[in-house]
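First comes the structure, then the notes that go with it.
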Amino acid sequence: MNKVKLRISVERTMKICTAAVLALALLLTFTLSDYYIFNRISEFNAAFVISQWIKKTGLLLLPLAVYYNKKCCADIAKYILPVAIIVSLCTFGNFFDITYVTAESTGEQIALSHLNEFMPKWANIAMFSASCGIELAVCGLLFVRDGWEVKARSFVYLPFAVIAVMPLNLFENFFDINNYSPAHFLWFKNFTIWHFLALIILAAFTVGAYYFLKNKDDETRQHYLIATAIVLLIQYHSKDSVLLGDGYNVYYTVFAVLPLFICNIGVYVSCLSVILRKKVLYAISFFVHAVGALTVFVYFGKDDMSNYGIIGSYSILYFCLTHCLLFALCVLPTALGIYKFKPKDCITPLIYYCVVIIIAAVASGLVSSYLNAYEYNGFKLPDYALDRPPNYAFTQVCPLPVELPLVPLQIWNCTLNLFYLILLYVAYVCLFWAFTAAYYLFLLIRKKTLAAILKKRAAAEIPLAAIGGRASGETAVSRDAAAEIAAEDNAEKSEDPVE
């Protein structure tokens, strides 16, 4: 009985501590994100850089080991993570002294730094140290729960975990983006060879993931989807190094991290949908965020609005990876039959998207107005911070290459175009219904294809009568075909398999 109580206590403690590690890792991205170091390896201790990369695998391995009892993840975490954690604690050097304030900084630049570097140095160090200590405690508790014994095959997954959380700005150590201009062949623009390559990767990744998971059992598929969701969250939050003006699309203020752009909020909704397995989240992911991810992949917006950079730069790699993962998470549960929706399930996503546009529009107006009025020691923000609104300012700035009639909507000191907002909603509603039609077409094609394949196989089988006792026209495969097609029909008519 005491062993049972001990195990329950250990499990509960590990879950609480793992949640604390994840929360601290999230908070640490908001001011002094360690992604800053990965494209500046020569400027920092190499041991610290490598240890921070290995530590990021802990954000993937620990949730799978603790919440889903994945033994292979626990084995890696127990023996690899503690080394990386101890090394990082001993080698961080002057990492926490990073700031954009210098002796030559102007008053405007100091005002910007004061806004973004709102978390003091001691708080960053305290959270970093606490995160390391709690992570070590979880690793220790894994020994208590599982013992010292490990399977050698568990470590086969280590390279995959390391690659999955790879800092995407790592490649910028090998080139200087300032040496390239938009006229260069490697520069990413709409409808270039690099754009079409990105579309091919999106399709190949999703189809490949579908066939990889198609024949796996429900539990295995679920764990792979959850692992994908965790990787997406890790990579998505790597962009928060922009608070030092050094990340995805180079947004300059802390307000840019609010997840109000349709794909940003989609990251959380799609991840929660596979973790919580809630019908309404699956529906929102499929109807709203799959369409959103696909739309921006097809058209990135005006070339003159975005600093895409060259293929291989952080912004391009970040966009392609996060949107591939997002699109796959939105469509795979439905494609794999985990969730089958009905037309009535469109209602909630349509209301949801309307609410998102309203909130994003209001937030965009309020944030832009606040930034334009912000002062510190009598200095306003520099022009480059004001000229780049937050990414959810898609409600402010029309990405279409046309001028729309202006129907003004005043939010504080910011004027939005109500006509554009309505047009934006209507356009996406049309896309939602087109996506719905594509879904039903997919079901129909899958059903017809399955029937044709099974019928062909049935015709090639030896009649059962030849091996003992059935009507000569009936075969083993024809029975299987009938059963599988009937199951498909019943699945479409039945209630959804998730709540």
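Bear in mind that the values here come from a model prediction, so they are computed numbers and not experimental data. Index from 1, following the sequence.
Taking the side chain as every heavy atom from C-beta outward, Cys324 and Ile201 approach each other to under 4.5 Å. Side-chain atoms of Leu202 and Leu294, non-hydrogen and from C-beta on, do get closer than 4.5 Å to each other. Side chains of Thr91 and Phe44 form no contact here, defined as non-hydrogen atoms less than 4.5 Å apart. Within the 4.5 Å cutoff, the side chain of Ile110 has heavy atoms near those of the Tyr376 side chain. Two residues are said to be in side-chain contact when any heavy atoms from C-beta on lie closer than 4.5 Å; Phe286 and Asp345 fail this criterion. Contact annotation: the side chain of Tyr268 approaches that of Pro259 to within less than 4.5 Å [non-hydrogen atoms, C-beta and beyond]. Side-chain atoms of Asp34 and Leu28, non-hydrogen and from C-beta on, never get closer than 4.5 Å to each other. In this structure the side chain of Lys55 reaches within 4.5 angstrom of the side chain of Cys132, judged on heavy atoms.
Within the model, atoms CG of Asn173 and CD1 of Ile41 stand 4.0 Å from one another, a figure rounded to the nearest 0.5 Å. With rounding to the nearest 0.5 angstrom, the CG atom of Leu22 is 8.5 Å from the CD1 atom of Ile234. Note that OH of Tyr428 is 14.5 Å distant from SG of Cys354, once rounded to the nearest 0.5 Å. How far NE2 of His323 is from CG of Leu232: 10.0 Å, rounded to the nearest 0.5 Å. We find the CD1-CH2 distance between Ile37 and Trp53 to be 11.5 Å, quoted to the nearest 0.5 Å. Here the OH atom belonging to Tyr236 is positioned 5.5 Å from the OH atom belonging to Tyr318, to the nearest 0.5 angstrom.
With a 6.0 Å cutoff to the six-membered ring centre and a 45° limit on the axis angle, Lys121 does not count as a cation-pi contact of Phe96. Geometrically, Arg40 engages Tyr36 in a cation-pi contact, judged by NZ or CZ lying under 6.0 Å from the ring centre and within 45° of the ring axis. The cationic group of Lys56 lies under 6.0 Å from the six-membered ring centre of Tyr35 and within 45° of the ring axis, placing it in a cation-pi geometry.
Ring planes of Phe196 and Phe191: tilted class, angle from 30 to 60°.
Here the side chain of Ser285 pairs a donor or acceptor atom with the backbone of Leu281 at under 3.5 angstrom. A donor-acceptor distance shorter than 3.5 angstrom exists from the side chain of Asn417 to the backbone of Pro405, with no hydrogens or angles considered. Proximity of a side-chain donor or acceptor of Tyr67 to a complementary backbone N or O of Lys15 within less than 3.5 Å is detected. With Ser368 contributing its side chain and Gly365 its backbone, the two residues share no donor-acceptor pair below 3.5 Å. Judged purely by atom type and a 3.5 angstrom limit, Thr57 uses its side chain to pair as donor or acceptor with the backbone of Ile54. When atom types are taken as modelled, the side chain of Thr192 and the backbone of Lys189 share a donor-acceptor pair closer than 3.5 angstrom. Trp194 places a side-chain N or O within 3.5 Å of a backbone atom of Phe185 that can act as its donor or acceptor partner. Here the side chain of Asn39 pairs no donor or acceptor atom with the backbone of Asn169 at under 3.5 angstrom. Looking at Asp75, its side chain never comes within 3.5 Å of a backbone N or O of Phe155 through a donor-acceptor pair. The closest donor-acceptor contact from the side chain of Gln235 to the backbone of Met166 lies under 3.5 Å.
Screening Tyr180, Phe188, Trp187 for a ring-ring contact (aromatic ring centres under 6.0 Å, His included) involving His184 leaves a single residue, Tyr180. Among Leu258, Ile265, Asn264, the single residue meeting the side-chain contact (heavy atoms from CB on, under 4.5 Å) criterion with Phe261 is Asn264.
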Criterion side-chain contact (heavy atoms from CB on, under 4.5 Å) on Lys278 and Leu272, from CA distance to verdict: CA-CA 8 Å; Lys278 293 296 183 181; Leu272 286 175; over 6 Å; no

Stepwise ring pair (Phe, Tyr, Trp, His ring centres under 6.0 Å) check, Phe297 with Phe319: CA-CA 9 Å; Phe297 235 104; Phe319 180 91; 5.4 Å; yes

Test log, rule side-chain contact (heavy atoms from CB on, under 4.5 Å), inputs Tyr370 and Asn413: CA-CA 9 Å; Tyr370 174 77; Asn413 295 323; over 6 Å; no

Criterion side-chain contact (heavy atoms from CB on, under 4.5 Å) on Val267 and Thr322, from CA distance to verdict: CA-CA 8 Å; Val267 168; Thr322 55; 5.8 Å; no

Criterion side-chain contact (heavy atoms from CB on, under 4.5 Å) on Phe205 and Phe327, from CA distance to verdict: CA-CA 10 Å; Phe205 179 83; Phe327 184 75; over 6 Å; no

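His114 and Tyr374 share a donor-acceptor pair across their side chains, judged by distance under 3.5 Å alone. Using modelled atom types, one finds no donor on one side chain facing an acceptor on the other under 3.5 Å when comparing Ser273 with Ser270. With 3.5 Å as the limit, one finds a donor-acceptor pair spanning the side chains of Tyr352 and His289. Between the side chains of Thr99 and Glu117, at least one donor N or O sits under 3.5 Å from an acceptor N or O. Counting only N and O atoms by type, the side chains of Ser238 and Tyr314 include a donor and acceptor under 3.5 Å apart. Side chain to side chain, Thr415 and Gln410 meet the donor-acceptor criterion of an N or O pair below 3.5 Å.
For Phe95 and Phe48, the ring centers sit closer than 6.0 Å to each other. Under the 6.0 Å cut-off for aromatic ring centres, Phe30 and Phe118 do not qualify, their centroids lying 6.0 Å or more apart. Aromatic pair Phe38/Phe171: ring centres not closer than 6.0 Å. Here the two rings, on Phe432 and Tyr353, have centers that are under 6.0 Å apart.
No more than 12 heavy atoms of other residues, nucleotides or ligands sit less than 6.0 Å from atom OH of Tyr157. The local environment of CZ in Phe160 is sparse, with at most 12 non-hydrogen atoms from other residues, nucleotides or ligands closer than 6.0 Å.
When every heavy atom of Ala229 is checked against every heavy atom of Leu329, the shortest pair comes out as CA-CD1, 3.7 Å. Between Tyr100 and Ser113 the shortest heavy-atom distance is CB-OG, 3.7 Å. Across Thr295 and Leu431, no two heavy atoms sit closer than the pair OG1-CD1, 3.6 Å. Pairing each heavy atom of Val138 with each of Thr18, the nearest pair is CG1-OG1, 3.8 Å. Annotation for Val231 and Ala164: closest pair CG1-O, 3.4 Å, computed over non-hydrogen atoms. In terms of heavy-atom proximity, Leu260 sits nearest to Ala363 at CD1-CB, 3.4 Å.
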